[in-house]
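The structure under discussion appears below in the form of structure tokens.
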Amino acid sequence: MGCNFSSQSKVSDIGNASDKTPPAPDANGNDTKVEPVAQGAGDEAVDRKEATPVPPPSISPQVTLQVPEIRASRSVTPASQKSDDQPYSHIRLLLLGSAESGKTTVLEQVRLLYKQHFTESEYFHRRAFIYHNIFKCIKALCRAMKISDIQFSDPINMGRAQSIIADEENHYGLFSRELADKIKCIWQDKSMQKLYARRSQFNLNDSASYFLNNLDKINTTDYKPSDRDLIMAYVPTCGVQNVIFTASNQSFQLFDIGGQKIDRRKWALQYEGIDAIFFCLAISEYDQVMSEDMVTNRLDDALSLLKTISEEPMFATTPIYLFLNEIDVFCEKLDVIPLSKYKPDFKGGDQDDALDFMESLACEALGKRDRSLYRVYRCIAIDTQLMAELLSTVFKDIMKRKR
Ligand SMILES: Nc1nc2c(ncn2[C@@H]2O[C@H](COP(=O)(O)OP(=O)(O)OP(=O)(O)O)[C@@H](O)[C@H]2O)c(=O)[nH]1
Ligand SMILES: [Mg+2]
């Protein structure tokens with residue numbers, strides 16, 4: 001990673017500590033069980049570049065959480081069901097942010113760190129998406145190679161790449177031996193490795209090399225995703241999922257909602273009784289456009305979303321914990337794609353200047369909010385150690401506010 005900052009400086013708290021307690025429901029519950037976690041791509045989900053196809057047909061019947069509407073009503077206590085004499089029993093946290101900003105990664109880190117174990121059906125579900133992720137990555141790389149000025153080192157790989165590009169299957173299951181070999185040959189081609197080094201130029205799922213390097217381990221009948229695999233996989237969220245956990249003897253409920261435009265229409269249903277918002281903003285996306293319209297700059301969209309949430313009347317006194325995420329990707333990208341090309345107000349400088357600039361944009365979006373009501377953290381959601389530190393700080397802060 002190209003970034004030069006200590007783990008302490010990654011957690012940059014620019015908000016003033018406040019004793020002000022936002023109006024929130026009582027938090028006196030002791031329930032530590034995991035609510036069913038709903039996650040997956042439905043028909044409506046849109047992936048980075050193209051529509052995500054129908055969910056994996058191979059998923060077992062236990063994974064009943066494939067249809068967004070059903071999932072949403074099962075996994076969430078609708079606001080309308082709550083009455084004044086039945087206060088919420090947990091501190092309720094809501095994860096918001098645009099698609100692929102790291103919301104689910106934060107939720108999964110919470111599950112791993114606070115020992116909310118994954119069920120067999122969840123492992124099965126994630127495994128299906130890991131195959132899908134791998135195939136999408138190699139396809140994206142083959143396409144990028146085709147339009148690049150680089151040639152495969154082994155000319156036979158050109159034919160292999162053509163067949164990958166032409167393959168319209170979704171691949172949610174174990175690859176055939178032939179396909180796995182093809183993927184490996186393409187991935188290990190020296191020219192492909194050179195192209196991968198330039199990956200900032202074409203939007204590739206950040207975990208591509210992680211999964212491609214582990215293909216042998218993954219493409220086996222008894223493969224079960226490791227904790228790291230769960231963190232690295234991208235499974236677009238449709239509807240809502242939530243997890244209940246205990247931190248510092250306090251019960252929390254963390255809600256995660258899909259960030260694609262189509263999912264945002266349902267966000268407001270989750271706003272009632274929220275004690276704090278975790279907003280994920282992937283700062284590495286400054287050069288990317290939204291897959292929903294292929295025009296809107298992703299960073300601009302995320303910032304305007306942040307502004308909207310910040311100015312939402314229901315959150316007038318709700319603290320926002322802003323996670324400036326994907327610092328690792330951002331710092332790698334800076335050398336290849338100048339930030340000033342997309343943000344002319346950035347007059348150059350080193351990585352720290354660039355990070356400060358991004359933070360200033362976020363603060364601008366939060367501008368109308370009292371400083372005591374937001375805190376900003378620079379983070380890498382896939383970094384479990386960093387997240388352990390960061391989340392513990394945040395949970396303590398939330399509890400302090402509630403006292
Ligand atoms: N390198 C890197 N990858 C990250 C980071 N945070 C998340 N990712 C990866 O980015 C991808 C998308 O992350 P998710 O957490 O699923 O994104 P999301 O916000 O839940 O997306 P939606 O469900 O579509 O709204 C996953 O493959 C993650 O492993 C980060 O800080 N650095
Ligand atoms: Mg998600």
Side-chain angles (χ1 to χ4, degrees), residues 1-3 7 10 37-42 44-49 51-52 65 68 71 75 94-112 125-126 129-130 132-134 136-137 140 199-200 203-212 225-243 254-267 270 278-285 288 290-292 298 301-302 305-306 323-333 355 358 377-387 390:
M1 179 189 8
C3 260
S7 70
K10 283 177 206 165
V37 171
Q39 187 178 47
E44 292 172 328
V46 180
D47 218 334
R48 185 163 279 205
K49 283 223 167 83
T52 299
L65 308 169
R71 291 202 310 267
S75 61
L94 181 59
L95 272 161
L96 294 177
S98 49
E100 291 185 81
S101 56
K103 301 180 294 298
T104 303
T105 311
V106 171
L107 178 120
E108 308 239 313
Q109 293 284 20
V110 165
R111 293 188 70 182
L112 293 172
H125 181 237
R126 302 303 197 282
F129 268 90
I130 287 170
H132 183 65
N133 282 183
I134 293 173
K136 285 204 71 168
C137 287
R199 65 188 173 282
S200 300
N203 301 337
L204 188 69
N205 191 301
D206 304 324
S207 28
S209 67
Y210 174 81
F211 285 123
L212 284 162
S226 65
D227 289 352
R228 187 78 193 143
D229 296 350
L230 296 173
I231 293 297
M232 297 304 284
Y234 175 45
V235 182
T237 309
C238 287
V240 187
Q241 56 177 338
N242 75 91
V243 63
L254 177 62
F255 294 86
D256 171 29
I257 317 187
Q260 295 186 7
K261 269 202 163 165
I262 202 148
D263 284 306
R264 292 182 203 167
R265 293 183 310 203
K266 299 170 210 149
W267 279 13
Q270 307 305 321
F278 289 0
F279 195 100
C280 293
L281 198 153
I283 60 166
S284 60
E285 296 182 334
Q288 291 174 228
M290 292 178 74
S291 52
E292 288 93 325
R298 279 182 174 228
D301 171 67
L305 197 57
L306 176 62
F323 299 156
L324 293 181
N325 193 31
E326 297 204 1
I327 302 283
D328 55 338
V329 185
F330 177 74
C331 291
E332 270 183 29
K333 207 179 235 188
L355 285 165
M358 297 307 265
Y377 300 87
R378 298 178 184 181
C379 81
I380 301 172
I382 54 169
D383 183 332
T384 304
Q385 210 182 331
L386 168 69
M387 290 310 288
L390 192 155

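Note that ligands are numbered from 1 as they come in the structure, with each ligand's atoms numbered from 1 the same way.
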Any Val235 side-chain heavy atom under 4.5 Å of Arg126 side chain: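 In short, these two side chains touch, coming nearer than 4.5 Å.
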Is ligand 1 under 4.0 Å from a heavy atom in the side chain of [X], in the backbone, in both, or in neither?
X      : result
Asp328 : side chain
Ala381 : both
Val329 : side chain
Asp256 : neither
Glu326 : both

Between the main-chain N or O of [Y] and the side-chain N or O of [X], is there a donor-acceptor pair closer than 3.5 Å?
X      : Y      : answer
Asp256 : Leu95  : no
Gln109 : Met387 : no
Trp267 : Gly258 : yes

Within the 4.0 Å heavy-atom shell around [X], which atoms of ligand 1 are there?
X      : value
Ser207 : 27 (O)
Gly258 : 25 (O)
Ile231 : 28 (C), 29 (O)
Ile382 : 1 (N), 2 (C), 3 (N), 4 (C), 5 (C), 8 (N), 29 (O), 30 (C), 32 (N)

With respect to [atom], which of [options] exhibits the smallest heavy-atom separation?
atom                    : options                        : value
atom 6 (N) of ligand 1  : Asp229, Thr104, Asn325         : Asn325
atom 25 (O) of ligand 1 : Ser101, Ala208, Gly259, Cys238 : Gly259
atom 7 (C) of ligand 1  : Leu386, Thr105, Ile380, Leu107 : Thr105

Give a yes/no on ligand 1: does [X] have at least one heavy atom closer than 4.0 angstrom to it?
X      : result
Ala233 : yes
Gly97  : no
Ser98  : yes

Residues which pass side chain to side chain contact (heavy atoms under 4.5 Å, CB included) with Ser226, listed by chain and number, not counting sequence neighbours: Tyr210, Lys217, Arg228, Asp229
Which residues share a side chain to side chain contact (heavy atoms under 4.5 Å, CB included) with Ala302, sequence neighbours left out: Ser98, Leu281
For ligand 1, which is the ligand I care about here, please tell me if [X] has any N or O atom under 3.5 Å from one of the ligand's N or O atoms.
X      : result
Met232 : yes
Cys379 : no
Ile257 : no

Spatial distance of atom CD (Glu285) from atom CG (Asn325) [nearest 0.5 Å]: 9.5 Å
CA sep, side-chain torsions, deciding dist, call: Ile231, Thr105, side-chain contact (heavy atoms from CB on, under 4.5 Å): CA-CA 6 Å; Ile231 293 297; Thr105 311; 3.9 Å; yes
Considering all heavy atoms, the nearest Ile283-Phe330 contact: O-CD1, 3.4 Å
Minimum-distance pair of heavy atoms, taken over all atoms of Met232 and Ser207: O-OG, 2.7 Å
Worked verdict on Leu355 versus Ile327 for side-chain contact (heavy atoms from CB on, under 4.5 Å): CA-CA 8 Å; Leu355 285 165; Ile327 302 283; 3.5 Å; yes
Thr237 backbone or side-chain N/O/S under 2.8 Å from the Mg ion (ligand 2):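 Yes, within the cut-off.
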Parallel, tilted or perpendicular: ring planes of Tyr377 versus Phe323, cut at 30 and 60 degrees: perpendicular
